[in-house]
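Working notes, beginning with the structure itself.
Side-chain atoms are counted along with the backbone in the values below, which use heavy atoms only and exclude waters and symmetry mates.
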Amino acid sequence: MDVNVKRPVPIEFKWVVAAYGKVRQGGRAMGIDGESWEAFDANVQDNLYVIWNRLSCGSYHPQAVREVEIPKKDGTLRKLGIPTLRDRIAQQVVKAYMEKRIDSLFHKDSYGYRPLKSAHQAVKTILSNCYKQDWVIDMDISKFFDEIDHGLMLRAVEHVMEEKWVCYYVKRWLEMPVKDKDGVMHAKGGKGTPQGGVITPRTQFITFFFTPIFYFSNGY
């Protein structure tokens with residue numbers, strides 16, 4: 001197993017190993033392939049090599065997302081998308097790569113889905129701001145997960161990431177079909193991204209903050 005050979009995509013094997021360690025600490029829900037962590041770990045070195053080999057060759061293509069529904073407080077259902085374990089590892093590789101290059105672009109008081117940032121820190125900042133300001137802005141984007149336009153998201157990613165391989169992997173994840181509880185496959189149709197993916201919050205955060213910058217800087 002030669003992991004030092006030069007590949008078209010500059011992803012290193014150690015990144016995949018680190019991504020596995022991060023994702024392995026998370027949920028145990030299985031994707032559409034039914035692979036469990038126990039099954040994956042039975043041949044972990046070879047499985048990680050396969051993921052790295054495909055990612056670094058540019059031939060990695062994700063599988064469909066398994067859709068599950070969980071009840072919300074208001075009685076409605078929230079749809080979550082469960083990627084396969086292998087896709088979660090691959091997403092973590094790209095997410096970690098992106099974070100190192102773009103995290104410094106965000107405001108210092110931006111806390112959502114950022115490394116080394118916590119809800120406790122956010123609350124502390126809010127308490128501090130309460131002594132300085134007498135107003136609050138409460139804003140939510142309705143159905144953001146369901147309605148986000150793929151074209152806008154990709155343009156926002158391209159605006160902050162020069163690497164073409166990052167953009168085409170993000171595009172592949174955006175276009176993954178969804179398999180519902182009845183086993184029916186649904187195409188995305190150019191919009192929406194399922195809650196539950198490792199990379200979903202990062203790409204949405206980029207879209208929310210950098211789409212306006214993209215449009216202003218290009219004269220729209």
Flag the pair Tyr97 / Val166 as yes when at least one side-chain heavy-atom distance between them is below 4.5 Å, and no otherwise.
yes
Is the backbone of Lys108 close enough, under 3.5 Å, to the side chain of Lys117 for a donor and an acceptor to pair up by distance?
yes
Nearest 0.5 Å please: distance from the CG atom of Asp109 over to the OG atom of Ser128.
8.5 Å
Which Ile, Leu, Val, Met, Phe, Trp or Tyr residues join Leu116 in one cluster when any pair of side-chain heavy atoms under 4.5 Å counts as a link?
none
Is there a path of hydrophobic side-chain contacts, each under 4.5 Å between heavy atoms of I/L/V/M/F/W/Y residues, joining Val50 to Trp15?
no
If the condition is salt bridge (charged side-chain N to carboxylate O under 4.0 Å, His left out), which residues does Lys181 pass it with, not counting sequence neighbours?
Glu69
For Lys132, give me all partners under salt bridge (charged side-chain N to carboxylate O under 4.0 Å, His left out), at least two apart in sequence or on another chain.
none
Is there a side-chain contact between Val23 and Leu85 in this structure, where contact means two heavy atoms from C-beta onward sitting under 4.5 Å apart?
no
Val136 side chain near Ile126 side chain, heavy-atom distance below 4.5 Å
no
Determine whether a donor-acceptor pair (N or O, by modelled atom type, separation under 3.5 Å) exists between the side chain of Glu99 and the backbone of Ala96.
no
Check whether Trp37 reaches the backbone of Gly27 with its side chain - one donor and one acceptor, N or O, closer than 3.5 Å.
yes
What is the distance from atom NE2 of His150 to atom NZ of Lys191, rounded to the nearest 0.5 Å?
9.5 Å
Return the CZ to CE distance between Arg101 and Met161, rounded to the nearest 0.5 Å.
6.0 Å
State plainly whether the residues Arg7 and Glu12 are in salt-bridge range, i.e. N to O under 4.0 Å.
no
So Met153 and Leu174, do their side chains get closer than 4.5 Å, heavy atoms only?
yes
For Gln25 and Gly21, indicate whether the former's side chain and the latter's backbone hold a donor-acceptor pair under 3.5 Å.
yes
Which atom of Val157 lies closest to which atom of Cys167, heavy atoms considered
CG1-SG, 4.1 Å
Exam field: side chain His61 to backbone Arg172, donor-acceptor pair closer than 3.5 Å
no
Side-chain donor/acceptor of Asp87 to backbone N/O of Gln63, under 3.5 Å:
yes
What about Ile32 and Trp173, same hydrophobic cluster or not, with Ile/Leu/Val/Met/Phe/Trp/Tyr joined at side-chain heavy-atom distances under 4.5 Å?
no
Taking all non-hydrogen atoms of both residues into account, name the closest pair between Val93 and Val16 and its distance.
CG2-CA, 3.8 Å
Do any N or O atoms from the side chain of Ser59 and from the backbone of Leu55 form a donor-acceptor pair under 3.5 angstrom?
no
Apply side-chain contact (heavy atoms from CB on, under 4.5 Å) to Glu35 and Arg86, showing your working.
CA-CA 9 Å; Glu35 185 176 36; Arg86 294 167 188 255; 2.9 Å; yes
Could you tell me which residues satisfy side chain to side chain donor-acceptor pair (under 3.5 Å) with Tyr169, sequence neighbours excluded, listed by chain and number?
none
Got a salt bridge between Lys179 and Glu67, using NZ or NE/NH1/NH2 to carboxylate O under 4.0 Å?
no
Short side-chain to backbone donor-acceptor contact, Arg66 and Met30, under 3.5 Å
yes
Do Lys79 and Val68 have side chains that approach each other closer than 4.5 Å (heavy atoms only, starting at C-beta)?
no
With no hydrogens and no angle check, is any side-chain donor or acceptor of Asn43 less than 3.5 Å from a backbone partner on Asn47?
no
Is there a continuous path of hydrophobic side-chain contacts, each under 4.5 Å between heavy atoms, that joins Val65 to Met185?
no
Trp135 side chain near Ile137 side chain, heavy-atom distance below 4.5 Å
yes
Which heavy-atom pair separates Pro10 from Pro8 by the least distance, and what is that distance?
CD-O, 3.9 Å
So Leu48 and Phe40, side-chain contact (heavy atoms from CB on, under 4.5 Å) or not? Walk me through it.
CA-CA 9 Å; Leu48 292 177; Phe40 186 90; 3.9 Å; yes
In terms of side-chain heavy atoms, does Glu163 have a donor or acceptor partner in Trp165 at a distance below 3.5 Å?
no
Is any side-chain heavy atom of Glu38 closer than 4.5 Å to a side-chain heavy atom of Arg28?
yes
Under the salt bridge (charged side-chain N to carboxylate O under 4.0 Å, His left out) test, which residues partner Asp41, sequence neighbours left out?
Arg24
Counterpart residues, salt bridge (charged side-chain N to carboxylate O under 4.0 Å, His left out), relative to Lys164 (two or more places apart):
none
Name the orientation class of the two ring planes belonging to Trp52 and Phe13 (parallel below 30°, tilted from 30 to 60°, perpendicular beyond 60°).
perpendicular
If only atom types and distance count, is the side chain of Arg88 paired as donor or acceptor with the main-chain N or O of Pro83 below 3.5 Å?
yes
Should the heavy atoms of other residues, nucleotides or ligands under 6.0 Å from CG of Asp182 be counted, would the total exceed 12?
yes
Could you go step by step and tell me if Gln92 and Tyr20 meet the side chain to side chain donor-acceptor pair (under 3.5 Å) rule?
CA-CA 8 Å; Gln92 177 60 34; Tyr20 162 75; over 6 Å; no
Within the structure provided, determine whether Val9 and Tyr168 are in side-chain contact (heavy-atom separation under 4.5 Å).
yes
Leu154 CG to Asp149 CG distance, which is reported to the nearest 0.5 Å:
9.0 Å
